[in-house]
Amino acid sequence: MSTMDLLGLREEQLKTGYSVCRLINEAVVRGEGRLTKEGALLIETGQYTGRSPKDRFIVLDELTKDTVAFGKTNLPLSEEVYRNLLQKVKSYVEDKELYVIKAKAGASENHAMDINVFCEDAAQAVFSSQIFIKDQDREGFDADFTVIALPNLKANGKEDGIHSEAFVIISFTDKLVLIGGTKYSGEIKKSIFSVMNYRLMGEGVLPMHCSANMGKDGKTALFFGLSGTGKTTLSADPKRFLIGDDEHGWSEEGVFNMEGGCYAKCINLDKDKEKEIYEAIRFGSVLENVIVSDRGIADYCDGSLTENTRCTYPLEYIENRVDEKKGGHPSTVLFLTADAFGVIPPISKLTREGAMYHFMSGYTSKLAGTERGIVNPETTFSALFGEPFMPRKIEEYAELLGKMIDEHNTQVYLINTGWSGGVYGVGQRTPLKYTRLMVDAALGGELDKTEFIHDEIFHLDVPVSVPGVPEELLHPRKLWKDEAEYEATAKELARKFKENFNRFEGAAERIVAAGPY
């Protein structure tokens with residue numbers, strides 16, 4: 001059965017081939033948003049200002065029962081509940097007109113996926129047109145996967161067999177994503193990322209939640225990191241060319257962007273430190289939940305609606321970019337963390353097994369004030385630096401990373417953009433200018449010539465020196481006033497690493513041994 005038949009749609013219901021300009025005009029006329037002084041489309045997403053992980057499900061059926069790692073992250077949904085909600089969707093769209101965005105996921109001839117996004121709101125159609133790779137000239141409505149986004153269709157929660165009024169349901173068998181009850185556009189983006197994750201692993205391609213850029217020498221680098229670690233800021237480097245800011249695949253050909261646009265956080269956006277992002281906010285971009293004055297002037301420091309303010313724009317809005325959205329095999333991989341406990345070195349080199357360990361750990365810290373109820377810094381572990389979007393077993397991704405590192409002699413570094421000299425509130429955050437110098441040294445191969453000192457607690461190799469960086473900054477122990485307090489804090493964080501890693505019962509001993517002692 002075709003997707004059109006599954007959804008009960010007729011061609012006359014579909015608004016297709018609309019330009020971005022026309023979609024923006026429709027969004028404004030329909031009251032879904034307004035234009036800022038720079039010309040960006042400003043929208044508010046209401047109750048849901050971020051993803052709703054408890055409302056995201058994967059249909060448990062014959063195809064997925066042995067291929068998806070079901071659990072707390074990948075929530076299973078019965079076929080019966082899915083079919084009932086699909087019927088609710090069909091009834092809802094029976095008399096609706098929908099915007100259609102035809103696009104691709106994956107800038108790779110061998111691993112691209114045709115997608116269709118059916119949108120109830122013009123604003124979400126603008127988002128979909130700008131975040132994915134454009135393919136509006138594709139004929140017909142056949143696609144490898146289809147998303148239907150209906151923010152005004154609310155479920156009945158437990159009565160419908162789910163948790164709330166919002167739902168994001170992926171059926172790999174029907175090749176369909178149902179989204180309802182939420183205006184947060186990130187659900188569209190991340191559902192396709194999850195689908196690509198599942199698909200690419202089956203093709204022997206490593207799907208990655210990371211940014212990627214290329215130097216003038218043609219060498220590619222990858223930047224992994226959870227929110228607040230500096231992934232977007234560090235990869236949007238005026239000296240390098242951006243391949244993409246968030247989602248990539250690493251295949252036999254090299255690295256490719258899965259998307260055609262960027263989805264940058266805007267909170268505290270600084271036009272001097274993040275010039276590339278700041279200048280990308282103009283007509284054709286979409287601002288989510290940013291506070292804007294009556295005169296259309298954005299206040300990026302105002303997080304009164306949410307700290308998760310966002311901007312979507314096509315990659316073409318970045319001056320230094322790789323138009324093909326592809327690069328060669330990465331010579332360097334950077335894992336970013338923002339350690340609020342002040343004990344992890346600001347830069348250290350990882351062995352192959354160490355890279356696999358930290359890939360599976362995905363560590364950073366949550367800070368007081370970023371989430372309700374957090375008073376002191378807390379450890380956060382998100383495997384692969386993006387566990388909510390990874391349908392397969394974590395160990396499978398790590399083994400494939402190790403294989404790629406071996407085959408392409410890739411160097412891997414752990415970069416701590418967080419604190420030193422004490423915990424958050426006592427110590428100081430590493431200045432961005434020094435972090436950039438450390439990243440430059442790693443990408444430029446300068447660290448190949450330096451000596452390293454082994455950190456016995458975290459099992460990390462720390463460079464003796466980095467050009468332009470004060471040597472004492474490289475070794476957190478030296479910046480603490482009380483060495484015994486440093487030792488106790490470091491060992492406690494190491495204990496939390498080990499406690500988290502215990503969930504990987506089948507992990508190889510060589511990987512376990514590469515982590516903190």
Side-chain angles (χ1 to χ4, degrees), residues 1-10 13-14 47-48 51-96 98 100 105 113 115-121 124 141-184 186-199 201-202 387-394:
M1 183 182 295
S2 71
T3 305
M4 292 282 284
D5 290 334
L6 268 174
L7 296 171
L9 291 172
R10 307 176 307 279
Q13 293 177 258
L14 306 179
Q47 177 184 352
Y48 296 94
R51 291 185 308 101
S52 187
K54 292 183 180 179
D55 298 313
R56 173 190 174 275
F57 303 91
I58 296 175
V59 179
L60 174 59
D61 56 22
E62 282 298 312
L63 177 61
T64 60
K65 67 178 184 179
D66 296 321
T67 54
V68 170
F70 286 109
K72 293 180 180 179
T73 299
N74 297 308
L75 301 177
L77 191 73
S78 72
E79 291 184 82
E80 180 184 5
V81 171
Y82 163 64
R83 293 294 168 194
N84 288 338
L85 281 165
L86 177 59
Q87 185 57 49
K88 183 167 284 194
V89 166
K90 289 177 67 173
S91 299
Y92 182 79
V93 301
E94 190 174 15
D95 59 351
K96 296 282 190 304
L98 300 175
V100 181
M113 181 174 74
I115 58 174
N116 287 335
V117 186
F118 297 130
C119 299
E120 179 181 17
D121 282 2
Q124 289 198 328
F141 296 97
D142 291 334
D144 297 312
F145 232 92
T146 297
V147 179
I148 182 164
L150 307 169
N152 298 311
L153 171 60
K154 298 180 179 180
N156 292 320
K158 291 183 179 179
E159 183 181 324
D160 282 329
I162 54 178
H163 297 147
S164 74
E165 64 186 19
F167 56 90
V168 179
I169 302 170
I170 302 174
S171 170
F172 284 105
T173 296
D174 285 347
K175 300 179 179 178
L176 181 63
V177 179
L178 308 179
I179 301 176
T182 173
K183 288 181 179 289
Y184 182 66
E187 298 286 18
I188 298 172
K189 163 189 164 74
K190 289 305 185 185
S191 64
I192 287 297
F193 182 40
S194 293
V195 170
M196 284 292 281
N197 256 297
Y198 181 87
R199 179 187 175 111
M201 283 295 287
E387 187 170 358
F389 322 116
M390 309 297 181
R392 307 276 189 170
K393 290 182 179 179
I394 300 301

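Just so we're clear, the structure is a prediction, and the values are computed from it rather than from any experiment.
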Check: If you measure from OG1 on Thr146 to CG on Leu176, what distance do you get to the nearest 0.5 Å?
Finding: 6.5 Å
Next item on the list: Applying side chain to side chain contact (heavy atoms under 4.5 Å, CB included) between Arg56 and each of Ile179, Ile170, Ile162, report the one that passes.
Entry: Ile170
Checklist line | More than 12 heavy atoms of other groups within 6.0 Å of Lys96 NZ | finding: yes
Margin query: Under the rule for salt bridge (charged side-chain N to carboxylate O under 4.0 Å, His left out), what residues qualify as partners of Arg51, not counting sequence neighbours?
Written below: none
Next item on the list: Output all residues satisfying side-chain contact (heavy atoms from CB on, under 4.5 Å) with Lys393, sequence neighbours left out; order by chain, then residue number.
Entry: Ala69, Glu395, Glu396
Margin query: A side-chain contact here means heavy atoms from C-beta on lying under 4.5 Å apart; do His163 and Leu75 qualify?
Written below: yes
Margin query: Is any side-chain heavy atom of Ser78 closer than 4.5 Å to one of Phe57?
Written below: no
Notebook entry, point to check: Got Val177 and Ile148 here, is their nearest side-chain heavy-atom distance under 4.5 Å?
Noted result: no
Notebook entry, point to check: Judged by modelled atom types alone, do Asn156 and Glu165 share a side-chain donor-acceptor pair under 3.5 Å?
Noted result: no
Notebook entry, point to check: Within the distance-only criterion (no hydrogens, no angle test), does the side chain of Gln124 pair as donor or acceptor with the backbone N or O of Asp121 below 3.5 angstrom?
Noted result: no
Note to self: Does anything in residues 73-93 form a salt bridge (Lys or Arg N to Asp or Glu O under 4.0 Å)? List the pairs, not counting sequence neighbours.
What the structure shows: Arg83-Asp174, Lys88-Asp160
Next item on the list: Ignoring hydrogens and angles, state whether a donor on the side chain of Asn197 or Ser194 is under 3.5 Å from an acceptor on the partner side chain.
Entry: no
Checklist line | Test item: Val93 and Leu9 side chains (from C-beta on) under 4.5 Å apart, heavy atoms | finding: yes
Check: What pairs of residues pass the salt bridge (Lys or Arg N to Asp or Glu O under 4.0 Å) test when at least one of them lies in residues 62-76, not counting sequence neighbours?
Finding: Glu62-Lys65
Note to self: One pair to check against salt bridge (charged side-chain N to carboxylate O under 4.0 Å, His left out): Asp144 and Lys175. What are the steps and the verdict?
What the structure shows: CA-CA 7 Å; Asp144 297 312; Lys175 300 179 179 178; 5.8 Å; no
Next item on the list: Determine yes or no for a side-chain-to-main-chain donor-acceptor pair under 3.5 angstrom, with Thr64 supplying the side chain and Thr67 the backbone.
Entry: no
Margin query: Check this for me: Glu94, atom CD, are more than 12 non-hydrogen atoms of other residues, nucleotides or ligands nearer than 6.0 Å?
Written below: no
Check: Do Glu120 side-chain atoms and Asn152 backbone N/O form a donor-acceptor pair below 3.5 Å?
Finding: yes
Note to self: Rounded at 0.5 Å granularity, tell me how far NZ in Lys190 sits from CZ in Phe389.
What the structure shows: 4.5 Å
Next item on the list: Name all residues meeting the salt bridge (charged side-chain N to carboxylate O under 4.0 Å, His left out) criterion together with Glu387; count only those two or more places apart in sequence or in a different chain, and write none if there are none.
Entry: Arg503
Next item on the list: Any pair with a residue in residues 64-94 that passes ring pair (Phe, Tyr, Trp, His ring centres under 6.0 Å), sequence neighbours left out, goes on the list, sorted by first then second residue, please.
Entry: none
Next item on the list: Find out whether Leu6 and Leu86 are in side-chain contact, i.e. whether some heavy atom of one side chain is under 4.5 Å from a heavy atom of the other.
Entry: yes
